[in-house]
Amino acid sequence: MADHQKYQNGDTDLDALFAEARQARPDLPDRLMSTITAAAAEEQARWSAPAPARRRSPLGVLLAALGGWPAVGGLVAASCTGLWIGVAGPEAVFTAPGVSALAATPTVSSEYAAYETFDLATVMAEDMQ
C-alpha cells in the first residue's frame, strides 16, 4: 500500500512555503519603477483609438469574401472553361489547340458501344431484355 499520509504532510509544508513567498513582495527601486511606468505610458500613447472602419461597397464585401482579386480571377477562368465545355460539348475539348495528342481515342467494338457513349437508356434497355 502507498503511504499517502507521508506525501500529504510534504505537500502541506510546500503549501506553507508558497504562501510565505506570496506574502513577501520584493521592493523595487524607485528608479526602476519610474522607468517601467514611463515606458508603459509611452506605449499607451502609441496605441491610440483605431480609426473608424471604412464602409465597404457590396462588391467590395463580395470580393473580400471570395478571397480577393487572385481568387476571383481563378473563379472567372474556371467559370469560362466550364461554360465553354458545357456549350461546345466534351468533344470540343479534344479539338482545342495543344490537346490534339490526347484526342486519339481507341476504336470501340459494337457490343460495347452503348457502354462507351454512356447512353443509359440503351444500357437499361439491354438489361431489361
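Hydrogens, waters and symmetry mates are skipped; everything else that's a heavy atom, side chains included, is used. Note that the structure is a prediction, hence the values are computed from the model and not measured.
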- Atom pair OG1/CD of T37 and E42 - distance to nearest 0.5 Å: 12.5 Å
- Are V76 and W69 linked, directly or through other ILVMFWY residues, by side chains that come within less than 4.5 angstrom of each other? yes
- Query: Got a sec, which residues hit side chain to side chain contact (heavy atoms under 4.5 Å, CB included) with L59, two or more places apart in sequence or on another chain?
  - Reply: S57
- Task: May I ask you to list the residues sharing a hydrophobic cluster with L17, side-chain cutoff 4.5 Å, ordered by chain and number?
- Result: none
- Note on the structure: Taking every heavy atom of G60 against every heavy atom of R56, the minimum-distance pair comes out as O-NH1, 4.0 Å
- Message: Checking L66 now: which residues fulfil side chain to side chain contact (heavy atoms under 4.5 Å, CB included) with it, not counting sequence neighbours?
- Response: L62, V72, L75
- Task: Answer yes or no: does atom CD of E43 have more than 12 heavy-atom neighbours from other residues, nucleotides or ligands under 6.0 Å?
- Result: yes
- Are P58 and V61 side-chain neighbours, meaning at least one heavy-atom pair lies under 4.5 Å? no
